[in-house]
Amino acid sequence: MSNKLFKSILKTDNRLDLKQTLFSGQSFTWKKIDLLSAYYVTKINKTIIFLREIEPGIIEALSSSKKINGLPINQFLFNYFSLEIDDIKVFPQRFKNDFPEVWRRVEPYHGVRIMRQDPFEIMVTFMCAQGIGMHLIRRQVSMIAEGYGQKVGLEMPEGEMIFHCFPIPSALASADPDELALCTNNNRIRAANIIAMARSFESGKLALALVGSGECDLETLRETLCAHSGIGLKIADCIALFGFGRFDTFPIDTHVKQYLWEWFGIEAARKSLTEKNYRYLQKEARKILGNEYAGYAGHMLFHCWRKEIKKMKAF
DNA sequence: TTCCAGGGAAAGC
DNA sequence: GCTTTCCATGGA
């Protein structure tokens, strides 16, 4: 492993709140680390990458390779943080008139970007996100990476640091259910579901079905994902939003359900999330948030709701 | 002890 | 088809 780190600079005119974006519950592999100053670090494919905000709109990246997925680091990051999306256009113009109080609350969260992450990683991650607290999701993802991901060392002034890649599909496809369950909150059903999904992915069946899914309609993508045990509508929507850049997807979980009632007065949001009601609530949410960026706006609202109303401090 | 946490699936009507 | 119940586990 080379000890050299390559430095690059990412500049953007759009707002990017690095910390809030990384810890808003869409990615669970980023960690905060203090070197000479505070950095956030993760591995993307085989590349270790450190990020630090120098000043608003300027991000410094230190990476163990010059390219990720064939792209120079700053180009990769531009796409990774979906910085081509003009954040001010995420909410429809009429929104700020119709819901001035909500707008006042959510406006400061426009630096929360939706990230384009690896589909397989997102699939595993959100299969771990079923009826469970967010810190436990983070713990599961960390343990899965430590247990099944390739280990890479990096020589730092303070000594060697160890990083773990997120496991490749074959590593999880061949995992022992009882052993993997130690990483999935002792939930064997979840472990078995992840293994089955990884086998489907590895065999190429799922992967092929998902190729070009950027163009396929949302319902087809959902059906493909929901065919797997452990993936229902909500988790499928999260995978579409965070793993396939489908910003028009609008996942509804317990928090979203709460703000749909409290902030927008949608009566049906007080009832349970049956599939019928789930689809109905999505329709109602699109009336308010528009279609194209419904999920993008929804994630800003989601993070805002948890921070401001639920007073959640820990990520 | 009870309730909640980024739900899903089987059972019941 | 739609709704209710059950499942699963850890933490506050």
Side-chain angles (χ1 to χ4, degrees), chain A residues 20-30 109 112 114-115 117 121-144 177-178 180-197 200 222-244 246-247 249-263 268-283 285 294-315:
Chain A
Q20 299 300 326
T21 295
L22 295 177
F23 296 102
S24 63
Q26 57 178 313
S27 177
F28 295 90
T29 59
W30 285 87
Y109 288 89
V112 176
I114 288 190
M115 298 150 68
Q117 300 177 78
E121 180 178 326
I122 289 297
M123 281 192 240
V124 175
T125 297
F126 281 89
M127 287 179 80
C128 292
Q130 180 181 345
I132 206 166
M134 214 177 269
H135 65 289
L136 284 178
I137 301 172
R138 187 173 296 280
R139 191 175 77 182
Q140 291 176 84
V141 173
S142 296
M143 289 182 74
I144 289 173
D178 290 335
L180 183 59
L182 298 175
C183 305
T184 57
N185 218 35
N186 295 317
N187 188 322
R188 295 181 181 210
I189 296 174
R190 180 177 302 154
N193 285 340
I194 289 173
I195 291 167
M197 185 280 289
S200 172
R222 282 170 146 185
E223 278 173 24
T224 307
L225 294 168
C226 287
H228 299 76
S229 184
I231 300 179
L233 262 187
K234 186 268 170 183
I235 288 178
D237 283 344
C238 284
I239 296 169
L241 181 61
F242 301 121
F244 290 97
R246 292 300 300 256
F247 304 145
T249 326
F250 189 80
I252 301 174
D253 73 323
T254 173
H255 300 285
V256 175
K257 181 173 176 291
Q258 288 167 28
Y259 79 59
L260 286 180
W261 163 242
E262 295 283 344
W263 280 350
R270 290 201 283 187
K271 297 194 296 181
S272 66
L273 277 177
T274 62
E275 178 172 341
K276 185 186 176 188
N277 197 29
Y278 184 96
R279 290 180 184 275
Y280 172 76
L281 286 173
Q282 283 190 323
K283 246 172 46 184
Y296 213 111
H299 188 66
M300 290 179 184
L301 290 167
F302 167 81
H303 188 58
C304 177
W305 172 262
R306 297 183 75 246
K307 294 260 307 176
E308 303 282 320
I309 308 298
K310 306 293 278 189
K311 304 293 181 192
M312 296 192 182
K313 295 191 173 75
F315 289 106

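Order of the sequence lines fixes the chain letters, A, B, ..., with proteins taken first and strands second; residue numbering starts at 1 for each chain. Keep in mind it's a predicted model, so treat the numbers as computed, not measured.
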*For DNA chain B, what residues of residues 251-260 of chain A have any heavy atom nearer than 4.0 Å?*
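Under 4.0 Å from DNA chain B: Pro251(A), Asp253(A), Thr254(A), His255(A), Gln258(A).
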Distance-only, no hydrogens or angles: does the [X] side chain make a donor-acceptor pair with backbone N or O of [Y] under 3.5 Å?
{"X": "Gln20(A)", "Y": "Tyr109(A)", "answer": "no"}
{"X": "His228(A)", "Y": "Leu225(A)", "answer": "yes"}
{"X": "Asn185(A)", "Y": "Asn187(A)", "answer": "no"}
{"X": "Gln140(A)", "Y": "Leu136(A)", "answer": "yes"}

Could you state the atom-to-atom distance from [atom1] of [X] to [atom2] of [N] in whole Å?
{"X": "Ile137(A)", "N": "dA5(B)", "atom1": "CD1", "atom2": "P", "answer": "12 Å"}
{"X": "Ile122(A)", "N": "dG6(B)", "atom1": "CD1", "atom2": "C1'", "answer": "12 Å"}
{"X": "Arg139(A)", "N": "dA5(B)", "atom1": "CZ", "atom2": "P", "answer": "18 Å"}
{"X": "Phe126(A)", "N": "dG6(B)", "atom1": "CZ", "atom2": "C1'", "answer": "7 Å"}
{"X": "Arg190(A)", "N": "dG6(B)", "atom1": "CZ", "atom2": "P", "answer": "12 Å"}
{"X": "Met312(A)", "N": "dA5(B)", "atom1": "CE", "atom2": "P", "answer": "6 Å"}
{"X": "Arg138(A)", "N": "dA5(B)", "atom1": "CZ", "atom2": "C1'", "answer": "15 Å"}

*asked:* Give me each pair satisfying salt bridge (charged side-chain N to carboxylate O under 4.0 Å, His left out) with a member in residues 270-282 of chain A, each pair once, sequence neighbours excluded.
replied: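 Output for this query lists Glu219(A)-Arg279(A), Glu267(A)-Arg270(A), Glu275(A)-Arg279(A).
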Under 3.5 Å, side-chain donor or acceptor atoms of residues 234-242 of chain A against the rest of the protein: list the pairs with distances, not counting sequence neighbours.
| unit_1 | atom_1 | unit_2 | atom_2 | d |
| --- | --- | --- | --- | --- |
| Asp237(A) | OD1 | Arg222(A) | NE | 2.8 |
| Asp237(A) | OD1 | Arg222(A) | NH2 | 3.4 |
| Asp237(A) | OD2 | Arg222(A) | NH2 | 3.0 |
| Asp237(A) | OD2 | Tyr278(A) | OH | 2.7 |
| Asp237(A) | OD2 | Gln282(A) | NE2 | 2.9 |

*Would you mind building the protein contact string for nucleotides 8-13 of chain B? One character per nucleotide, 5' to 3', B for base within reach (heavy atoms under 4.0 Å), S for sugar-phosphate only, - for untouched.*
SS----
Minimum-distance pair of heavy atoms, taken over all atoms of [X] and [Y]:
{"X": "Gly295(A)", "Y": "Ile114(A)", "result": "O-CD1, 3.7 Å"}
{"X": "Leu281(A)", "Y": "Ala269(A)", "result": "CD2-N, 3.7 Å"}
{"X": "Leu180(A)", "Y": "Ala191(A)", "result": "CD2-O, 3.6 Å"}
{"X": "Cys128(A)", "Y": "Ile144(A)", "result": "SG-CD1, 3.9 Å"}
{"X": "His299(A)", "Y": "Ser24(A)", "result": "NE2-OG, 2.8 Å"}
{"X": "Glu121(A)", "Y": "Gln117(A)", "result": "OE2-OE1, 4.4 Å"}

_Taking any heavy-atom pair under 4.0 Å as a contact, classify His299(A): base, sugar-phosphate, or nothing._
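It contacts base atoms.
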*asked:* Base, sugar-phosphate or nothing for Tyr278(A)? Non-hydrogen atoms, less than 4.0 Å.
replied: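 The residue Tyr278(A) makes no contact with any strand.
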Whole-Å [atom1] distance, [N] and [M]:
{"N": "dT3(C)", "M": "dA5(B)", "atom1": "C1'", "result": "23 Å"}
{"N": "dC3(B)", "M": "dA8(C)", "atom1": "C1'", "result": "15 Å"}
{"N": "dT5(C)", "M": "dG6(B)", "atom1": "P", "result": "25 Å"}
{"N": "dT1(B)", "M": "dA12(C)", "atom1": "C1'", "result": "12 Å"}

_The test is side chain to side chain contact (heavy atoms under 4.5 Å, CB included); show your working for Met143(A) and Arg138(A) and say whether it passes._
CA-CA 9 Å; Met143(A) 289 182 74; Arg138(A) 187 173 296 280; over 6 Å; no
*For DNA chain B, what is the dot-bracket line, given that a base pair needs Watson-Crick (N1 to N3, plus N6-O4 or O6-N4) or G-U wobble (N1-O2 and O6-N3) geometry with both distances under 3.5 Å, and | means paired with another strand?*
.||||.|||||||
*asked:* side chain to side chain contact (heavy atoms under 4.5 Å, CB included) for His303(A) and Phe23(A)? Distances and angles first, verdict last.
replied: CA-CA 9 Å; His303(A) 188 58; Phe23(A) 296 102; over 6 Å; no
*asked:* Distance under 4.0 Å to a non-hydrogen atom of chain A counts as contact; along DNA chain C, which nucleotides mark the start and end?
replied: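 The protein-touched segment is dT3(C) to dG11(C).
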